[in-house]
Each structure stands twice: as structure tokens, then as C-alpha cells.
Amino acid sequence: MRAIVYRDFGTPDVLRLEEVEKPAPRDDEVLVAVYAASVNMFDWYMVRGKPFVFRLVLGPGRPKPLGVDLAGVVESVGRNVTRFKPGDEVFGTGRDKSVRSKRGSFAEYVSTYDEMLALKPRNVTFEQAAGIPIAGLTALQGLRNHGLLRRGQKVLVNGASGGVGTFAVQIAKAFGADVTGVCSTRNVEMVQRIGADHVIDYTRENFTTGAVRYDVILDIVASQSWPDCRRMLTDNGKYVAVGGPPRRALPLMLREPFTRGKLVTFVARANLADLNVLRQLIEDGRVTPVVDRTYPIEETAEAVRYVAAGHTRGKVVITVR
Ligand SMILES: NC(=O)c1ccc[n+]([C@@H]2O[C@H](COP(=O)([O-])OP(=O)(O)OC[C@H]3O[C@@H](n4cnc5c(N)ncnc54)[C@H](OP(=O)(O)O)[C@@H]3O)[C@@H](O)[C@H]2O)c1
């Protein structure tokens, strides 16, 4: 099969499309013919091998196969798998439970654990479905598990126009929250269209100087200081730090223990139950994945370069078939 391969960390130019051995599913695995895969900032960090802590987490040796998110069709199943059968249309993550996984979804086939997959929402394309897993799970878990968002509360999504942000705005609306999205001028209309009640254009206004206080701030870009964000929270409010450039996002992890639970950092976890929550939200028409661009697998380097620049509007998708 063809897959994206790289032998050294570096710029996206290190990525090559090569022939590699097609995987075979183990007993508790599903072999998926990948139709589309989506690019996350995580993939760029994998290519770059930075921040350096990534290399420690990934373990010694060569770079690992690239790509997490996927949508495709079940080709065959291991003998313990009862949930899926050949021909099922699925979406999910192509890595196993370990971050040191030796699989990657930027390939024609991936063998992955059955609990990392769910049936694809019937009302979206494979390209849209491929954009769901990491971004959707991060938005869902950030708002629900860490922000403890409840109906009627006020939530601010900083970075509302990106992969995670476009899911977060829609999921927060589906939960019955009053949603403020922060984005740049060119994305104001899109963020309104996906359901934000209020939009702050960060090129004109700093959200940390406004009068409104928020029950949850889901911060995907870490553009403002923690003390400034803390002032914008209600008494029981939570600031959920999702990401941003490592030099600004990593120090937030060190602060977390000293914030009496007001600042929360987390890493999203793929699991079947949450993939199914996302599928239901999408089939109910309450969430629609936003796809910015698609690239054929031959142009994966271009796709990663575009994501690395940090200005995507929704998700960037690689088409494999
Ligand atoms: N904790 C986790 O488990 C987890 C999971 C997934 C992702 N992440 C992290 O979350 C971050 C974002 O991921 P993503 O996939 O959503 O990224 P993305 O798709 O690249 O989105 C970034 C968005 O932020 C906007 N933006 C840039 N500067 C901004 C600012 N100052 N204020 C408001 N918006 C701004 C960009 O639009 P403009 O440039 O037009 O403003 C762009 O639309 C990454 O750092 C990633 O590593 C963490």
C-alpha cells in the first residue's frame, strides 16, 4: 500500500509517499481502507520532532508513522471484533492506545483497535468525517469534562475559527450555552454562521478587557496571559487550556496546580462513547464539520505546511481514495 513515510525530523519536505507493507488486523483490530484523513497540529509536531518533549514521549528511534484522524470503510476484522463488519463506513483514530503507536492514518490502510472507531455519521462526506476525531473529541471533552459546561452558562471560545474551535462553538450551542467566539476579521461571518451568539474580532478588541464574565473559557490559542484570563471568569468559572504555541501553552501546565482548579489543562482521549456522542450531534444536525481545504495524499507536505502556519478555518483534510 502507499503511505506517508519520513526518516528524519524536519520541515514538511521530509515527507514522502512510498510503498510499504499493508497491515493485517490483530484479533481485536479492524483493518480500515482509508478514504480521508485529517491533519492536526499534533502531526506537525510529529514531523518537526519539537517541542523536544515530544521526542521523549514518542520514545527512541526513528519518527513514527504520521496521521491520527481517519474516515474509511472496514476491509476486514480480527476474530474478536463483533462491532464491525467489512463494508461498514467508519471514522475515528488510527493510532493504538499508546502515543508510541506504530500506525498512521496518512496511508491507504490502517489497522486500529475497534474501540477507536465508530460508525460514520450518515449525513456527512468521508472528508468531513475525517475532520471530526481529534478536534471534535478535544472540543467535547474540554467543554463537558473539564469546563463542566451547563445549559444557560456563558462560554468564550478563543480560537473559534480553527479545527477545535469550530467544533467547540457548535457543541457549546448544542449544550445550550451562550457562546462568544474570538477570531480574526475574515472569520467573523463563518463563526456567526456556525452559531456563535457573539463574536469578538481579536484584531480590534481584546476579550480580556470586556465587561462580561464567563463560566467557561476554552482557550485554544493561549494568546492572553493567565492573570488577564482569570479576571474574566465568574466565581466558579473554569479556564480550560487546550493549546496554542508551545512556548505559551506549556507554562500553563506548570501553573495549573496553583490555581485552585480554575485553570485546567488536558490531553483529549479517543474513546468509542465520545465518538458516538459526536456522531449523534452531527446526525441530529446540531454540529456540522467545517472543512477548510482538501489535499490529495501526494500533497501531504503542503497540507502539513498549511496547518503549521496556524491560520486554518476548520479542518484540513487529506484525500486518500
Ligand atoms: N489538549 C489537547 O488534547 C489538544 C487537542 C487538539 C489540539 N490541541 C492544540 O490546540 C491548538 C489548536 O488546534 P486547532 O487544530 O484548532 O488549530 P488550528 O486549526 O490551526 O486553529 C487555529 C485558529 O486560531 C485562530 N487564531 C490565531 N491566532 C488567534 C488569536 N490570537 N486569537 C484567536 N484566534 C486566533 C486562527 O485563525 P486566524 O489566524 O485567522 O486568526 C485559526 O483559525 C494547537 O496548539 C493544538 O496543538 C490540543
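We count ligands from 1, going down the list as the structure has it; atoms in each ligand are counted the same way. In this text the structure is predicted, and so the values were computed from the model without any measurement.
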Participant: Please list all pairs meeting salt bridge (Lys or Arg N to Asp or Glu O under 4.0 Å) that have one or both residues in residues 182-192, counting only residues at least two apart or in different chains.
Facilitator: none
Participant: List the residues meeting salt bridge (charged side-chain N to carboxylate O under 4.0 Å, His left out) with Glu18, not counting sequence neighbours, and say none if there are none.
Facilitator: Arg7
Participant: Quick one: table the atom pairs, ligand 1 N or O against protein N or O, below 3.5 Å, distance rounded to 0.1 Å.
Facilitator:
residue	atom	partner	partner atom	Å
ligand 1	1 (N)	Val242	O	3.0
ligand 1	1 (N)	Phe266	O	2.8
ligand 1	3 (O)	Ala268	N	2.8
ligand 1	16 (O)	Gly163	N	3.3
ligand 1	16 (O)	Val164	N	2.9
ligand 1	19 (O)	Gly163	N	2.8
ligand 1	19 (O)	Thr312	OG1	2.7
ligand 1	37 (O)	Ser161	OG	3.4
ligand 1	39 (O)	His311	ND1	2.3
ligand 1	40 (O)	Ser184	OG	2.9
ligand 1	40 (O)	Arg186	NE	3.3
ligand 1	40 (O)	Arg186	NH2	3.3
ligand 1	40 (O)	Asn187	ND2	3.3
ligand 1	41 (O)	Ser184	OG	3.4
ligand 1	41 (O)	Tyr202	OH	2.6
ligand 1	43 (O)	Ser161	OG	2.7
ligand 1	43 (O)	Gly162	N	3.3
ligand 1	43 (O)	Thr312	O	2.5
ligand 1	45 (O)	Gly244	N	2.9
ligand 1	45 (O)	Gly244	O	3.4

Participant: Give me the ring orientation class for His146 and Phe266: parallel if the planes are under 30° apart, tilted from 30 to 60°, perpendicular past 60°.
Facilitator: parallel
Participant: Thinking salt bridges, do Lys154 and Asp215 make one under a 4.0 Å N-O criterion?
Facilitator: no
Participant: Looking at Arg213, I'd like to know if its CZ atom is crowded, meaning that more than 12 non-hydrogen atoms belonging to other residues, nucleotides or ligands lie closer than 6.0 Å.
Facilitator: yes
Participant: Asp8: what forms a salt bridge (charged side-chain N to carboxylate O under 4.0 Å, His left out) with it, not counting sequence neighbours?
Facilitator: none
